[in-house]
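So the structure is just underneath, and the comments pick up after that.
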There are 2 protein chains.
Amino acid sequence: MNTAEETAGGETSAWGEVTPDAARRLLVAAVEAFAERGYHATTTRDIAGRAGMSPAALYIHYKTKEELLHRISRIGHEKAVEILRVAAAGEGSAAERLADAVSSFVRWHAGGRTTARVVQYELDSLGPDARAEILALRRQCDAEVRGIIEDGVAAGEFDVLDVQGTTLAVLSLCIDVARWFNVKGPRTPEEVGALYADLVLRMVGAK
Amino acid sequence: MNTAEETAGGETSAWGEVTPDAARRLLVAAVEAFAERGYHATTTRDIAGRAGMSPAALYIHYKTKEELLHRISRIGHEKAVEILRVAAAGEGSAAERLADAVSSFVRWHAGGRTTARVVQYELDSLGPDARAEILALRRQCDAEVRGIIEDGVAAGEFDVLDVQGTTLAVLSLCIDVARWFNVKGPRTPEEVGALYADLVLRMVGAK
DNA sequence: GCCGAAGGTGAGCGGGCGCTTAGCGTGGCC
DNA sequence: GGCCACGCTAAGCGCCCGCTCACCTTCGGC
């Protein structure tokens, strides 16, 4: 089982490889602002201010406000695909791999809710080209989960009537965690991950 | 089982009781615009234009753009509560009532996706007072579903470890339909409703 | 010590935003 | 027929948006 690295150190660890430093600070500021208020309600002055810079500094590192969203979205989706791919390619039965995929995916959405919210809910604010690129990454997410479920069905481990529909529902359940999860609420990301892994195993009729 | 009235006649039937006529046309125009582009990306000129009126006409019927969102949100949430209350108060076993609640709630989110999208995803664009009012209606939704699940557990029909967590997951699953459902996609609202009712019965371990 | 590149700032442009106001056409009432 | 309340429009106000530009440091290389 993967560790909950995303929850440690305040969510910014995922952006470590973004350089230079000023560009990273702007990106982190944009993630926070977009998550709190939404893309269209966030101003470039707000982003620059959070990063401790003047409004004009933003345009040294990014061509437009939309480019910021695009970069955030791509990095986030690549992380999501990686989480699911690692779980899908792991050892163990289909049930164990599905439980691992769901629990780690849910932990990412709950623990890194700020990032996940932007990644999952601001897709429509991208232009056509950028959106098409991101949608390809989302299809990869779907394929990883569907692969595990197909394995389970083929091995006689799962009892599923509609594989594609069930895949959609599993991903939907995980993604929506980013909408309702509250850091100050009664549940930790680990608890929600464990609960959801159990619920998903029931959904696929795991023996 | 309730009929899928929402899908008939092009989604606007739910606004029939809004008067006068011009106010209703503006409300319907606002729902479409908010669903397509989001609250903050929608301009009052856009709403008025869709309703075939000048920008100033909007302010004869509504004090602000936010009041439009508030009215849409309240009417939509009242409809959601009603759907769940009817299902919860119906006759039959807990499993039958839960399946009815899920399938009709999902049909509403899928068939009336335009409305549901605004209702479920633009909550944060409301001011504090309006949001508090709407959150009270959402707690009623939670209470209706939790009630059915508690009944099923008490009757020995269901096998649920975490009633509140499972309730949250069931509602989350239904609500997220408004995000991904595509009218031009391969599934009808009825098919998704039936699939989801089955999945939810598995989640609660219905006998 | 001088220079150019890199990274930053303050001021501000053009434009579109939410919303207001003065005035116009029209239908119901006496 | 006169009148006014109502629903609506044309014009536009003040503001803030995304973004640009002229200029200012700082610093490594020689």
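A, B, ... follow the sequence lines: proteins, then strands. Residue 1 opens every chain.
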Measuring from the side chain of [X] (C-beta onward, heavy atoms only), which nucleotide among [options] has the closest atom?
X	options	result
A:Ala56	D:dT20, D:dG7, D:dA10	D:dT20
A:Tyr59	D:dA11, C:dC19, D:dG18	D:dG18
A:Thr44	D:dC19, D:dG7, C:dT9	D:dC19
A:Lys65	C:dT20, C:dT9, D:dC19	D:dC19
A:Pro55	D:dC19, C:dT9, D:dG7	D:dC19

Checklist entry - With sugar-phosphate meaning primed atoms plus P, OP1 and OP2, does B:Thr43 contact a base, only sugar-phosphate, or nothing at under 4.0 Å between heavy atoms? => result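 Sugar-phosphate, backbone atoms only, no base.
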Item to check | Base C:dG16 to side chain B:Arg45, donor-acceptor N/O within 3.5 Å cut-off | outcome: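 No.
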Next on the checklist: Taking the basic N atoms (NZ, or NE/NH1/NH2) and the acidic carboxylate oxygens, is any pair closer than 4.0 Å for B:Arg24 and B:Asp21?
Outcome noted: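 Salt bridge: yes.
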Next on the checklist: Please find the pair of heavy atoms, one from A:Val153 and one from A:Val160, that lie closest to each other, and give the distance.
Outcome noted: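 Result for this residue pair: CG2-CB, 4.0 Å.
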Rounded off to whole Å, could you give me the [atom1]-to-[atom2] distance for the [X] and [N] pair?
X	N	atom1	atom2	result
A:Asp46	D:dC17	CG	P	9 Å
B:Glu66	C:dG18	CD	C1'	13 Å
A:Ile60	D:dC21	CD1	C1'	12 Å
B:His40	C:dG18	NE2	P	11 Å
B:Leu58	D:dT9	CG	C1'	14 Å
A:Lys63	D:dC21	NZ	P	15 Å
B:Leu68	C:dG18	CG	C1'	12 Å

Next on the checklist: Taking the nucleotide of DNA chain D with the nearest heavy atom to each, does B:Gly52 or A:Tyr39 sit closer to the 5' end?
Outcome noted: B:Gly52
Checklist entry - What do the steps show when you test A:Arg138 against A:Gln120 for side-chain hydrogen bond (donor to acceptor under 3.5 Å, both in side chains), and what is the final call? => result CA-CA 10 Å; A:Arg138 292 180 88 99; A:Gln120 301 293 0; 2.9 Å; yes
Next on the checklist: Tell me whether the side-chain N/O atoms of A:His61 come closer than 4.0 Å to OP1 or OP2 in C:dA6.
Outcome noted: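 Result: no.
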Item to check | Geometric class of the B:Phe105/B:His109 ring pair [parallel <30°, tilted 30-60°, perpendicular >60°] | outcome: perpendicular
Item to check | A:Val118 and A:Ser73: CA distance, side-chain angles, deciding distance, side chain to side chain contact (heavy atoms under 4.5 Å, CB included) verdict | outcome: CA-CA 7 Å; A:Val118 178; A:Ser73 204; over 6 Å; no
